[in-house]
Amino acid sequence: MAKKELFKENGEGEEVCKADFPPNFVFGVATAAYQIEGACNEGSRGASIWDSFSHTEGKIIDGSSGDVAVDHYHRYKEDVNLIHKFGFDAYRFSISWSRIFPDGVGTKVNEEGIAFYNNLINALIEKGIQPFITLYHWDLPLHLQETIGGWLDKQIVNYFAIYADTCFAHFGDRVKNWITINEPLQTAVNGYDTGIFAPGRREGSSEEPYLAAHHQILAHATAGSIYRSKYKDKQGGQIGLVLDCEWAEANSDKIEDKSAASRRLDFQLGWYLCPLYYGDYPAVMLERLGDRLPKFSEEEKKLLLNSLDFLGLNHYTSRFISHATSCSEESYFYKAQEMERIVEWEGGEKIGEKAASEWLYIVPWGLRKVLNYIARKYNNPPIYITENGMDDEEDNSLPLSEILDDKLRVHYFKGYLAAVAQAIKDGADVRGYFAWSLLDNFEWAQGYTKRFGLVYVDYKNSLTRHPKSSAYWFSRFLKGGEKKNGKEN
Ligand code: PNW
């Protein structure tokens, strides 16, 4: 398709309303434990790799950490009330593994950790909000990193399985939606290749990211099979995995650009979905990586198949992709793909407006395309969009009233929700959508310099919460009161 036509599909001028979605469609907001909880030394919590990483000089841009974060551990009731007030049906949050097993080894359950999540889950249920729980959102117990090298050692699969089993047993009577792992790609590539995320490995070994991914896939499948054999019938829930994917649009009609774009998608989604749906890594990865890719045994292959009830998709942005033999990114993972990610095309026009983060451009049509691609390539699985959102730069010089009026974020959500509604009409089986994020929070290596929240957190004044315009927009949208073509629905 010509680029000009792509831009026209940007959702511009489209108004979206709740009636554009199926009646049971779930709307929620999402967070992750290390980014919001704080209370790092309370409740007998053990240290995680993000505690040690954020306390290492030079790793976090503003020198901050999640020690206090936005103090959700103490303010969870207030936060649940906000979710309720805006009218969301669901809340996706993660459990901190080291609150349940402080050293990660599943010998003795920490009752204080269980109590905290029980309180949170009960507060949600009381307000009619469905919990969607992520078991692993990057905060591995530090002890497991120090003793076995984290995701590089196969024993991690067993430790994760014990932890997952413990969570199903304690919370599964009330929690019907489970996500094993958030974005295994980010852990593999940024944790074990570029080193910009914990555990910050950058050993120049081109095998580590693939090994870290391999063990995450097996950990997912093992937890999935435990859920299915021990809990699913009794508890009646479902289990999925969350993958992140930027849409990859070929930069031209040239065959090499088209295959570079398709490679890019296989290196993001196929890396995980081909093993889980077809039993092995995608052909293009096997060809290019050879022995660097670990192998699944026949028994493991069986375990992988059918370990997903749904796919969670985190999607923020898109790129044009061209074939390139010399890649500008300092990463073995990117080099193996022989492609370049492009923001601007020759005329100087950008793929979309930039948000605050360097990597985030606003491209609503990319979400429609990635949903249709998954539907086509993987036999139309149930999909939940488990994260979608954009950030503003932290800026002390602006008056609060101006910061709270986040017009660009409202525009972002309208465009992306319209793209989801279109993908559903196209035939994709999308069941839910979660905005990232409920609150401004600790944005990993970017610290507190980037704000993704629907709710502003005043870091200088006792972490007071102030809803932004986008939160009020969502609340009107969810009540069905958003205007469509100038008319109230
Ligand atoms: C997600 N990318 O990560 C994480 O799940 C969240 O914890 C995080 O706060 C959020 O995105 C915003 O950054 C990603 O560049 C970050 O493609 C960046 C990318 C993908 C995922």
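Starting from 1, each residue takes its place in the sequence as its number. Bear in mind that the values here come from a model prediction, so they are computed numbers and not experimental data. Remember, it's 1-based here, ligands and their atoms both numbered in the order they're listed. Both backbone and side-chain heavy atoms feed into the values below; hydrogens, waters and symmetry mates do not.
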Enquirer: Can you tell me which residue and heavy atom of the protein come closest to atom 13 (O) of ligand 1, and the distance to 0.1 Å?
Expert: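 Atom 13 (O) of ligand 1 sits closest to the protein heavy atom E443 OE2, 2.5 Å.
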Enquirer: Can you name the atoms of ligand 1, numbered from 1 with element, that are less than 4.0 Å from a heavy atom of E246?
Expert: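 Taking each heavy atom of E246 in turn, ligand 1 has 17 (O) under 4.0 Å.
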Enquirer: Does ligand 1 have an atom that lies less than 4.0 angstrom from a heavy atom of H137?
Expert: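 The answer is yes: ligand 1 sits under 4.0 Å from a heavy atom of H137.
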Enquirer: Verify the distance criterion only: is there a donor paired with an acceptor across the side chains of Q130 and D89 at less than 3.5 Å?
Expert: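 Q130 vs D89: no donor-acceptor pair found between side chains.
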Enquirer: Any side-chain donor-acceptor pair under 3.5 Å between N81 and H84?
Expert: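 N81 vs H84: no donor-acceptor pair found between side chains.
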Enquirer: What atoms of ligand 1 come within less than 4.0 Å of a heavy atom belonging to N314?
Expert: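 Numbered from 1, ligand 1 contributes 5 (O).
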Enquirer: N182 heavy atoms, cut-off 4.0 Å: which ligand 1 atoms fall inside?
Expert: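 Result: 5 (O).
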Enquirer: Tell me which protein heavy atom sits closest to atom 10 (C) of ligand 1, plus the residue, atom name and distance to 0.1 Å.
Expert: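 Residue, atom and distance for the closest contact: Y316 OH, 3.2 Å.
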Enquirer: Can you see whether N182 engages H137 through a side-chain donor-acceptor pair at a distance of less than 3.5 angstrom?
Expert: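 Judged by distance alone, the side chains do pair up.
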Enquirer: So which of Q35, Q186, M390, H315 gets nearest to atom 7 (O) of ligand 1, if we judge by its closest heavy atom?
Expert: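 The option holding the nearest heavy atom is Q35.
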Enquirer: W138 versus ligand 1: do any nitrogen or oxygen atoms come within less than 3.5 Å of each other?
Expert: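 Such a contact does not occur with ligand 1.
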Enquirer: I need the contact type for N441 against ligand 1. Using non-hydrogen atoms and a strict under-4.0 Å cut-off, is it side chain, backbone, both or neither?
Expert: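 It is neither; nothing of N441 touches ligand 1.
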Enquirer: Return yes if a side-chain donor-acceptor contact under 3.5 Å exists between T134 and R92, otherwise no.
Expert: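 The answer is yes; a qualifying pair exists.
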Enquirer: Check whether the side chains of Y416 and W365 place a donor and an acceptor atom closer than 3.5 Å, and report yes or no.
Expert: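 There is no such pair between these side chains.
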Enquirer: Under 4.0 Å from a heavy atom of W444: give me the atoms of ligand 1 that qualify, with their elements.
Expert: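 The list of qualifying atoms is 6 (C), 7 (O), 8 (C), 9 (O).
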Enquirer: Which heavy atom of the protein is the closest neighbour of atom 21 (C) of ligand 1, given with residue, atom name and distance?
Expert: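 Going atom by atom, the protein heavy atom closest to atom 21 (C) of ligand 1 ends up being E183 OE1, 3.1 Å.
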Enquirer: Using only heavy-atom distances, determine whether the side chains of Y384 and Q238 contain a donor-acceptor pair under 3.5 Å.
Expert: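 Checked: Y384/Q238 side chains pair up, N/O donor to acceptor below 3.5 Å.
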Enquirer: Looking just at side-chain N and O atoms, do N372 and D426 make a donor-acceptor pair shorter than 3.5 Å?
Expert: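 On atom types as modelled, these side chains qualify, holding a pair under 3.5 Å.
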Enquirer: Determine whether the side chains of T31 and Y91 contain a donor N or O and an acceptor N or O closer than 3.5 Å.
Expert: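 The answer is yes; a qualifying pair exists.
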Enquirer: Begin from the C-alpha positions of F197 and F53 and carry the test ring pair (Phe, Tyr, Trp, His ring centres under 6.0 Å) through to its verdict.
Expert: CA-CA 8 Å; F197 286 174; F53 189 75; 7.8 Å; no
Enquirer: Does W359 reach ligand 1 with a nitrogen or oxygen that is under 3.5 Å from one of the ligand's nitrogen or oxygen atoms?
Expert: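 By distance alone, the answer is no.
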Enquirer: I need the nearest protein heavy-atom contact for atom 6 (C) of ligand 1: residue, atom name and distance, please.
Expert: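 The closest heavy atom on the protein side is E387 OE1, 3.5 Å.
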